[in-house]
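Following: one structure in structure tokens, then a few remarks.
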Amino acid sequence: QANAGTLPPASLTTFGGQSFYLNGIREAGVNGFPIGNVKNYYNTWEPRVGFAYNLLGDGKTVLRGGFGIFYERVQGNDVYNAALNPPFAYQPLATNVYFSSPNTSAQTGATTTQTFPSIMQTLEYNYRPPGTAQYSLGLQRQLAPAVVAVVQYVGSRGWDQSDDRGINSLPLTDPNNPANPYDLREGVANGTINPNQYRIFPGFSGIQQQENETNFSYDSLQAGLRVENRHGLTVQLAYTWSHEIDEVSNDLNAISDPFNLKYDRGSGAFDRRNVFNANYVYNLPFFAHTSNSLLHQTLGGWEFSGITVIETGTPINIGYGPDTIGLGGGADTPINNRASLVSGVSYPKTVKAWFSTSSFAAPVAPWMGGTNQGFGTSRKDAVYGPGLFNFNLSLFKTFAITERVKFEMRFESFNTFNHTEFNGVDTGFTDGNFGAVTSTYDPRTLQLGAKLSF
């Protein structure tokens, strides 16, 4: 258990006459530390309520609503990940050095410093159970027999959500050099300083703390219409306007700036502002009641169905690779930078440029006079990716050969109108293909199928 608030970073504990850097590591069940390795929380009450009210008394207009709170247990993956490193397991590795002289490189002969710092994955002591509240209020109305419309608000709030934070970076400033407080970070960024010698928790390399410190919100206005087998037509239409905001969107996503959670606050990966869906089945009336049995058997009784999807795109993150931060990030200590936003984003929506790449610039390091600690000023939702406009259609009919034997023919198409659907967009600011479309959704596919049942 590594916890910055447990022991001061430079504290030492003596074991067998030798001093070891512990810096907050505690053994479960020893000296009053919880046997479950994290603090227990018992205020996880989960009330839930729902109602339906016949608003006008005629059974055709119903007001519905509901509210509920839900909590999760400690995540299993978090516990398993924390057991793969010290104090449970550690295998130091000396790379490309002489056995007779571990401080001498076997490749260059230069003197090296072999400190064998260990990476760690830890659980935050104040590991609160993730909580979620969900609520809705809506109005349903029967417009005609077999025709129902609905308008409703649906929302959700989440707190103490899972994230990863690299807690063993360099400090923001060098306390021993007030005249040049960014000297260490500048040296790390240009490769002249080993960050492991100056991290917040000496004796370790990167420390990934798995914690529950983020939150999210989701608000939506939803409208729908359902027609059930009216004049041979069954159709459902649904439209949602929504907005989802978070710091991280998935379990154990890394916080970009370990010192500032708000740097990642913005529209999340699940934010699709506008979503329209339609699904429909129509019994074609042609030759359904003709007296000509041949026409009825071959051309009558066909059914047409389809799904139509129209969606706006999701946010895409404009990352920046060269180190203008100098906090000793990388795979072991997740710290992610973004480009700076210098002008409003426009959307040419071409293959070579989905968005205006000139709207972004490289962030400036603090030792070069930059602001924001060298992190780019663009939000994680500064750019929205391509949306989706797609039709999947089918035509099918079942032929009754005998009372028990039936034969079904199906003609199906996906992306029926072969509309080009952009998908991935290059977000690598320095890779030479910045802003270009990298992939598309599937092209048109036609299928012919048959099924014999007996």
Side-chain angles (χ1 to χ4, degrees), residues 50-64 66 136 138-152 154 222-240 272 275-311 388-421 423 440-454:
F51 70 91
Y53 178 56
N54 185 2
L55 197 62
L56 301 179
D58 58 0
K60 295 183 178 181
T61 305
V62 178
L63 181 67
R64 300 181 185 273
S136 64
L139 192 67
Q140 286 183 316
R141 172 68 181 177
Q142 179 181 329
L143 304 180
V147 180
V148 177
V150 59
V151 177
Q152 60 186 1
V154 177
Q222 304 176 3
L225 179 70
R226 179 182 178 90
V227 179
E228 188 70 34
N229 197 19
R230 187 172 176 85
H231 304 298
L233 175 66
T234 295
V235 60
Q236 294 185 76
L237 307 176
Y239 170 75
T240 299
R272 285 193 181 272
V275 177
F276 173 79
N277 288 286
N279 62 81
Y280 32 88
V281 179
Y282 183 46
N283 297 318
L284 298 177
F286 312 116
F287 304 103
H289 305 289
T290 180
S291 58
N292 188 316
S293 61
L294 178 62
L295 290 177
H296 175 74
Q297 288 294 328
T298 57
L299 301 180
W302 286 87
E303 295 180 70
F304 170 79
S305 69
I307 299 175
T308 301
V309 178
I310 305 174
E311 300 176 347
L388 183 63
F389 184 27
N390 189 51
F391 287 84
N392 298 329
L393 304 176
S394 64
L395 183 67
F396 54 96
K397 174 181 170 59
T398 299
F399 298 87
I401 300 176
T402 66
E403 289 186 2
R404 291 189 173 185
V405 180
K406 294 181 174 58
F407 180 74
E408 182 182 36
M409 288 285 297
R410 298 187 67 91
F411 302 92
E412 298 175 320
S413 63
F414 303 89
N415 190 6
T416 303
F417 302 106
N418 205 27
H419 183 250
T420 301
E421 306 282 3
N423 187 5
T440 63
Y441 290 100
D442 295 334
R444 177 170 54 200
T445 301
L446 303 177
Q447 292 184 176
L448 172 63
K451 180 174 69 173
L452 181 66
S453 57
F454 52 90

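Below, all heavy atoms of this structure are taken into account, side chains as well, without hydrogens, waters or symmetry copies.
Thr402 is linked by a side-chain contact (heavy atoms from CB on, under 4.5 Å) to Arg404, Val405, counting only residues two or more places apart in sequence or in another chain. Applying the side-chain contact (heavy atoms from CB on, under 4.5 Å) criterion to Leu143, with sequence neighbours excluded, gives Arg141, Val147, Ala149, Leu225.
Considering every non-hydrogen atom in both Phe407 and Ala450, the closest pair reads CZ-CB, 3.7 Å. Nearest heavy-atom pair, Ser413 versus Leu446, reported as atom, atom and distance to 0.1 Å: CB-CD2, 3.6 Å. In this structure, Pro145 and Arg230 approach most closely via the heavy-atom pair O-NH1, 2.9 Å. Looking at every heavy atom in both residues, Gln152 comes nearest to Gly138 through CB-CA, 3.4 Å. Closest approach of Asn54 and Gly59 over heavy atoms only: OD1-N, 3.1 Å. Taking every heavy atom of both residues into account, Ser305 and Val281 meet most closely at CB-CG2, 3.9 Å.
Salt bridge Glu408/Lys406: absent, no basic N to carboxylate O contact under 4.0 Å.
Here Thr398 contributes atom OG1 and Met409 contributes atom CE; the two are 11.0 Å apart, rounded to the nearest 0.5 Å. Here the straight-line distance linking atom CZ of Arg444 with atom CG of Asp442 works out to 13.5 Å at 0.5 Å rounding. Once rounded to the nearest 0.5 Å, the distance linking CD1 of Ile310 with CZ of Arg272 reads 13.0 Å. Atom CZ of Phe411 and atom CG of Leu395 lie 7.0 Å apart (nearest 0.5 Å). The CG atom of Leu393 sits 10.0 Å away from atom CZ of Phe414, with the distance rounded to the nearest 0.5 Å. Taken from NE2 in His231 to OH in Tyr282, the straight-line distance is 9.5 Å, to the nearest 0.5 Å.
Checking Gln222, Arg226, Gln140 one by one against Val150, the side chain to side chain contact (heavy atoms under 4.5 Å, CB included) holds for a single residue, Gln140.
Side-chain contact check for Asn277 versus Asn279: every heavy-atom pair is 4.5 Å or farther apart. Put simply, the side chain of Phe454 does not reach to within 4.5 Å of the side chain of Ile401, judged on heavy atoms. Annotation: side chain of Leu237 is in contact with side chain of Phe276 (closest heavy-atom distance under 4.5 Å).
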Test side-chain contact (heavy atoms from CB on, under 4.5 Å) applied to Leu55 and Leu139, step by step:
CA-CA 9 Å; Leu55 197 62; Leu139 192 67; 3.9 Å; yes

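A side-chain N or O of Asn390 and one of Asn392 form a donor-acceptor pair less than 3.5 Å apart.
Sequence neighbours left out, the pairs with a member in residues 445-454 that pass side-chain hydrogen bond (donor to acceptor under 3.5 Å, both in side chains) are Glu412-Gln447.
Ring pair Phe399/Trp302 is perpendicular by interplanar angle, where above 60° counts as perpendicular and below 30° as parallel.
The environment of OH in Tyr53 is sparse: at most 12 heavy-atom neighbours from other residues, nucleotides or ligands sit within 6.0 Å.
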